[in-house]
2 protein chains.
Amino acid sequence: MSDEISGRGDPLKSLQLLWGRTEAPRRGPKAKAGVADLVSAAVAIADAEGLDAVSTRRVADAVGISPMSFYTHIPGKAELLDLMMDAVAGEVLKDRPVFKPAQWRANLSRVATDYRDFYLAHPWVIQLATHRTVLGPNTFRSADVALSAVEGLGLTDLEMDRVLNLVLDYVHGAVRNAAREKRVKELTGMTDAEWWSRVEPFLETVDFSPYPVLSRVGKTTGETYGAHDPEGAFAFGLARVLDGLSVFIEEKTAKRKR
Amino acid sequence: MSDEISGRGDPLKSLQLLWGRTEAPRRGPKAKAGVADLVSAAVAIADAEGLDAVSTRRVADAVGISPMSFYTHIPGKAELLDLMMDAVAGEVLKDRPVFKPAQWRANLSRVATDYRDFYLAHPWVIQLATHRTVLGPNTFRSADVALSAVEGLGLTDLEMDRVLNLVLDYVHGAVRNAAREKRVKELTGMTDAEWWSRVEPFLETVDFSPYPVLSRVGKTTGETYGAHDPEGAFAFGLARVLDGLSVFIEEKTAKRKR
DNA sequence: GACAACCTCGTACACTGTAAATAGTTATTT
DNA sequence: AAATAACTATTTACAGTGTACGAGGTTGTC
């Protein structure tokens, strides 16, 4: 277990599949299932039961082929994961919003919340995103739209890249907290409250005097970490990030005017 | 494969192990290996070969006991992962720096870079940190120290929590990018350059016209994503985050003076 | 009809986490 | 000293994983 890597194996084969560059077979029987079927079945399983429920056998079974037939269509599990990532990447910023440079703050807000909703809809993406970027069409498209949120501000290309990465890095980090609650709940069948009610009696027996600040702050933020407000925390962090970018961008444009 | 969860199973057993609350055995033979041996062996394996090289059998073998003897000391793999996390958490902010409130910016900088170095030293932590927080002594200690970086600024406890979380969320997200390169390199034996040299010929055959912004920006940021400057990107993002916090904190303290 | 291309499948191997039963070791109790 | 309870260690076993290999069936082209 633990970490199959998305982006290993022959990178070329992955790319060909991502871009649909596999030439149509001229002979042979018609395939019962295509790559798209396998991928969407895998995504459905991951959405419903988490990433570790996705096995090549399960996926093959879901589309009605035998375990090993899976490998006729996709060379290995790593490639399947790449394809899954790119498949769902099509959902983010789906309507291709038109961004006006003057409203960069609203633009980035939109990008951030869209990515956040996306991660929450497919929490398994967060796990896979620990690996290499998938170079697929949908991933490219969403990156293109996201970058265009900071287009026309007088930033250099490198700055645009960094600004966007800052926002997305923050979103990723912030969503982790909300997403893992969801995952743990599903996998353990325990709600957060149940879990804490089991843990709390023990915590009351530990000596918190070596952690004075944590113990005070922890109590306030809700029963020593128990109650979260992910929504509020996300909004708070995003506002700070945008404030920080505001300082940077304002200074940039002020210089340009001189 | 994919995702064992750190924080499942009986939460109490995990906590007892984390806090060394297992009473010393009164009878029976002396154990060949203790919990600490198992955990440090596991950490060594994870550091050297990645998280997926850590199996209960491997760990048992490393300390010289038979596979199933592992379970005499630790109830399952989930608990092992919790213990691993807390074990290495002892390394972050090890010297317990004394933070002066007036220098909150330097303080948070220190916290951020310390966590960054920590993640880079143990990239597998990033994968596991997708799950629930480990309630262990070392984790508590590092959280306490980190929180004290923003102590005495006139922030409420909730604000302190959010400020710190913002910084740590960003660090986590930013480090991901650097850490995954390291991991992919180790696991595939391919350097980033090798990997890109294989991928590039293909990318040149794809039509980038649907992604005008990405294609332009990508080219500038280095061979369409090829060359990174993680160091620079990290510094850039952190500076923006701190700028954003500066706005918030300054406004706060200004109000207090009134 | 022959052949090559292609899909599907059964078997097999090395690995994983861990349940269950058994055997061996030690300190306490009788 | 013998019995017992508590504890560690080990063997065997099972269901699950990814996937290599090879055999067999199906389709289009020559």
Side-chain angles (χ1 to χ4, degrees), chain A residues 1-6 8-10 13-14 22-38 42 45-46 49-84 187-188, chain B residues 1-6 8-10 13-14 16-17 22-38 42 45-46 49-84 187-188:
Chain A
M1 295 219 193
S2 179
D3 74 333
E4 38 232 327
I5 214 164
S6 159
R8 138 187 92 190
D10 190 1
K13 191 73 200 186
S14 250
T22 51
E23 64 252 48
R26 302 218 173 297
R27 317 178 188 194
K30 272 156 204 162
K32 285 200 220 167
V35 174
D37 301 316
L38 288 165
I45 294 170
E49 300 174 49
L51 195 55
D52 57 346
V54 177
S55 75
T56 56
R57 284 172 169 86
R58 262 297 290 277
V59 174
D61 191 62
V63 301
I65 60 179
S66 83
M68 284 311 290
S69 286
F70 173 92
Y71 293 93
T72 307
H73 307 283
I74 301 176
K77 189 166 182 183
E79 286 78 7
L80 173 66
L81 296 174
D82 278 350
L83 291 167
M84 288 170 67
L187 282 156
T188 65
Chain B
M1 296 216 191
S2 180
D3 74 334
E4 41 231 327
I5 215 165
S6 158
R8 142 185 90 189
D10 190 1
K13 191 75 200 182
S14 250
Q16 285 169 350
L17 285 166
T22 51
E23 64 252 49
R26 301 220 172 298
R27 318 178 187 197
K30 274 157 204 162
K32 285 200 220 168
V35 174
D37 300 317
L38 288 164
I45 294 170
E49 299 174 50
L51 196 55
D52 58 345
V54 177
S55 75
T56 56
R57 283 173 169 86
R58 265 289 297 273
V59 173
D61 191 63
V63 302
I65 59 179
S66 81
M68 284 309 289
S69 287
F70 173 93
Y71 292 93
T72 307
H73 306 281
I74 301 177
K77 189 165 183 184
E79 286 78 7
L80 173 67
L81 296 174
D82 278 351
L83 291 167
M84 289 170 66
L187 281 156
T188 64

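In the text below, chain A, chain B and the rest are named by the order of the sequence lines, each starting its count at 1.
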Picking from [options], which would you name as closest to the side chain of [X]?
X: B:Thr72; options: C:dA27, D:dT10, C:dG10; result: D:dT10
X: A:Arg27; options: D:dT10, C:dA4, C:dG10; result: C:dA4
X: A:Tyr71; options: D:dT10, C:dC6, D:dT19; result: D:dT19
X: B:Lys32; options: D:dA9, C:dT8, D:dT8; result: D:dA9
X: B:Met68; options: D:dT11, C:dT16, D:dT17; result: D:dT11

Rounded distance (Å) that lies between atom [atom2] of [N] and atom [atom1] of [X]:
X: A:Glu79; N: D:dG18; atom1: CD; atom2: C1'; answer: 12 Å
X: B:Ile65; N: C:dG24; atom1: CD1; atom2: C1'; answer: 16 Å
X: A:Arg26; N: C:dC7; atom1: CZ; atom2: P; answer: 13 Å
X: B:Glu23; N: C:dA27; atom1: CD; atom2: P; answer: 17 Å
X: A:Lys30; N: C:dC6; atom1: NZ; atom2: C1'; answer: 13 Å
X: B:Lys77; N: C:dA19; atom1: NZ; atom2: C1'; answer: 18 Å
X: B:Leu38; N: D:dT8; atom1: CG; atom2: C1'; answer: 13 Å
X: B:Asp52; N: D:dT17; atom1: CG; atom2: P; answer: 17 Å

*Please confirm whether any donor atom in the side chain of B:Arg57 sits under 3.5 Å from an acceptor in the base of C:dG17, or the reverse.*
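Counting by modelled atom types and ignoring angles, a donor-acceptor contact under 3.5 Å is found here.
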*List for me each residue that meets salt bridge (charged side-chain N to carboxylate O under 4.0 Å, His left out) alongside B:Arg27, sequence neighbours excluded, and say none if there are none.*
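Residues passing salt bridge (charged side-chain N to carboxylate O under 4.0 Å, His left out) with B:Arg27: none at all.
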*Using a cut-off of 4.0 Å on non-hydrogen atoms, how would the nucleic acid contact of B:Ser69 be classed: base, sugar-phosphate, or nothing?*
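If one applies the 4.0 Å heavy-atom cut-off, B:Ser69 turns out to touch a base.
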Atom pair [atom1] ([X]) and [atom2] ([Y]), whose distance is rounded to the nearest 0.5 Å:
X: A:Thr56; Y: A:Ile74; atom1: OG1; atom2: CD1; answer: 10.0 Å
X: A:His73; Y: A:Glu79; atom1: NE2; atom2: CD; answer: 14.5 Å
X: B:Ile45; Y: B:Met84; atom1: CD1; atom2: CE; answer: 8.0 Å

*Name the residue closer to the 5' end of DNA chain D, choosing between A:Gly76 and B:Gly64 according to the nucleotide with the nearest heavy atom.*
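So the residue in question is B:Gly64.
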*Report the residue (B:Phe70 or B:Pro29) whose heavy-atom-nearest nucleotide on DNA chain C is the more 5′ of the two.*
B:Phe70
*Indicate yes or no for a side-chain donor-acceptor contact from B:Gln16 to the backbone of B:Lys13 under 3.5 Å, with no hydrogens or angles considered.*
no
*Examine C:dG17: is either OP1 or OP2 under 4.0 Å from a nitrogen or oxygen in the side chain of B:Thr56? Give yes or no.*
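For C:dG17, OP1/OP2 do have a side-chain N/O of B:Thr56 under 4.0 Å.
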*Within the pair A:His73 and C:dC6, is there a side-chain N or O less than 4.0 Å away from OP1 or OP2?*
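Indeed not, no polar side-chain atom of A:His73 lies that close.
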